[in-house]
Amino acid sequence: MKPSQNALRVWGVALAGVKGLLALSPLRASFFLLFFSSSVLLAQTRFEPEDSAVLFRLDSQFNKADGLQQAMEAWRANPQDISTATSAAKTAFLAASRHGDLRWLGTAKAMLDPWWVKPDLPSDTFFVRALVRQGMHDFGGALNDLNAAISVDANQSQFWAWRFAVYMVRSEIAKASAECQAIGERFGAAEKESCSAVLLYRTGKPELAIKKFNELARHPDYQGENAQEWLAFHQGEARRVAGDVQAANKVWQSYLKQGRAAHGIQVALIDSLINVGDFASALRLNMGPQRSDALLVSAIQAAQALNNGQDAVLRADIEQRLMQRELRGESLNERPFVKYYLYVRQDPRKALEMAKESWKTEREPADALLFAQAALRSGEPLQATSLLQWQMETGYREPELDRLLGQIKNATVSKGKQ
């Protein structure tokens, strides 16, 4: 197989959900979805599903093109067949990522329950179990399963690609760089271009990343719907990191105007509009009937700023979700709830407590930004000095985070002089 053909197979399918996925293979993964897993699933809450948080039915937001109906029917007919369950769990996982509805993550977990702790599995089942585990923020368990999948079958490029992305969530840049290099050596230059472009803007070189993404946008393997969505997200994100927020928003707006479901891009654009004070536009883009945790918190921020009377109802919704999670004993140390306590409840000390705990396992730039904001707003900048070491190790830069870390650094220097 030619490298360009292999690139399409590996990187070009899963971002947009299962549309087109089952036609290739029920287990055909791609690099694309993972970065939306970090910006969508990881922007959501840590999920420990119970029966009440599992979907076994379809609602109006899922159409036949998602492949869910077919997958659900096949699984119900033979739930103890490992191949069928693995395929169906993959489809449910993709639905969770595509639509921002974590109840489908619970469905995926339920489908894999007979094999959830089994040590000897087919490589595909190890892989899908890893996807679900990383969606539940169990990154150590996900890495163990990815390592196991590769040990069984090292010729599946998607296994390597997802391991690369888990390293990125943890900001293990050296391991991610080595993984990207290995991907290129094993599977061709086209695959390496994708991961290397992401590495560029995550290590302080967004201008080079923008150039590489633009080159990929002209590549014949990146003209499909899934690849275009992946590119749109990262082209916008690289521009935002470089300080050109207007250009980032233009990229994301242009994609969403095509009418495609793209939860990750929607979240990115709405948060960006809120950051620049365009609350009316942010709320117009966030009018869906079933908001994810991330979208619900953003809607509250916008409504509160506009003083339009909608925030009370929205806050009652998020408070209900918080109460349900607390009753189930689930962690609240996640981005949407950190944002809620920081920006809506105006409780920076609680937000700092949550951000510090989350930082132990998730070290992406969005987590760093919330951690720094919570520390400074609570008057405890020295609680976030670990961010200075993180920036030194990764090389990551973006204007707002640089400003906040400068304040933390100054506080550290001042403390040292006392």
Side-chain angles (χ1 to χ4, degrees), residues 15-16 31-40 42-43 100 168 193-218 222 225-286 292 294-295 297-299 301-302 305 335-336 339 343 364-370 372-373 391 394-405:
L15 168 62
F31 191 68
F32 295 147
L33 181 58
L34 180 40
F35 284 101
F36 271 93
S37 292
S38 60
S39 65
V40 180
L42 302 184
M168 292 297 289
E193 292 301 296
S194 295
C195 55
S196 63
V198 175
L199 274 167
L200 283 170
Y201 80 77
R202 284 287 302 273
T203 55
K205 297 175 280 292
E207 292 83 5
L208 294 177
I210 292 169
K211 181 179 179 181
K212 193 174 288 288
F213 285 129
N214 289 342
E215 292 171 353
L216 289 172
R218 295 188 292 271
Y222 289 80
E225 180 180 343
N226 306 322
Q228 288 293 302
E229 186 174 344
W230 182 86
L231 281 167
F233 176 82
H234 287 290
Q235 284 177 314
E237 185 66 3
R239 285 163 171 77
R240 185 194 66 79
V241 170
D244 195 344
V245 174
Q246 185 175 1
N249 290 352
K250 185 176 180 180
V251 169
W252 292 329
Q253 287 168 336
S254 177
Y255 187 85
L256 290 176
K257 284 179 180 178
Q258 299 175 45
R260 297 170 177 169
H263 181 267
I265 293 176
Q266 184 185 13
V267 169
L269 177 57
I270 289 171
D271 283 350
S272 182
L273 291 170
I274 288 174
N275 290 337
V276 299
D278 190 353
F279 302 108
S281 295
L283 197 56
R284 280 196 301 271
L285 285 168
N286 195 359
S292 65
L295 288 175
V297 172
S298 295
Q301 289 180 262
R335 287 181 206 162
K339 288 174 63 179
Y343 303 135
E364 292 197 291
D367 304 300
L369 188 65
L370 283 173
Q373 289 173 331
Q391 186 178 57
T394 64
Y396 181 79
R397 306 293 297 271
E398 69 169 82
E400 177 62 11
L401 185 59
D402 288 350
R403 183 183 69 81
L404 297 174
L405 294 186

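Values in this document were obtained by computation on a predicted structure and should not be read as measured data.
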So with a 6.0 Å cut-off around CD of E215, is the heavy-atom count from everything else above 12? yes
Start with the C-alpha gap between I210 and R239, add the side-chain angles, then the distance that decides, and say whether side chain to side chain contact (heavy atoms under 4.5 Å, CB included) holds. CA-CA 7 Å; I210 292 169; R239 285 163 171 77; 3.6 Å; yes
Can you tell me if Q266 uses its side chain to pair, donor with acceptor, with the backbone of L285 under 3.5 Å? yes
Calculate, to the nearest 0.5 Å, the distance between atoms CG and CZ belonging to L269 and F233 respectively. 11.5 Å
Main chain of L295, side chain of N286: is a donor-acceptor contact present, judged purely on distance under 3.5 Å? yes
Is D367 reaching over with its side chain to a backbone N or O of E364, donor-acceptor style, under 3.5 angstrom? yes
Looking at A242, is its backbone amide N or carbonyl O close enough to the side chain of E398 to form a donor-acceptor pair, meaning the two atoms are under 3.5 Å apart? no
Quick check for you: to the nearest 0.5 Å, what is the distance between Q235 atom CD and Y255 atom OH? 11.5 Å
Can you tell if the side chain of Y343 reaches within under 4.5 Å of the side chain of I274, non-hydrogen atoms only? no
Should Q391 and D402 count as side-chain neighbours, where that means a heavy-atom distance under 4.5 Å? yes
Taking the side chain from S254 and the backbone from V251, do they hold a donor-acceptor pair closer than 3.5 Å? no
Is a donor from one side chain sitting under 3.5 angstrom from an acceptor on the other, for Q301 and D271? no
Keeping R335 on the side-chain end and A366 on the backbone end, is there a donor-acceptor pair under 3.5 Å? no
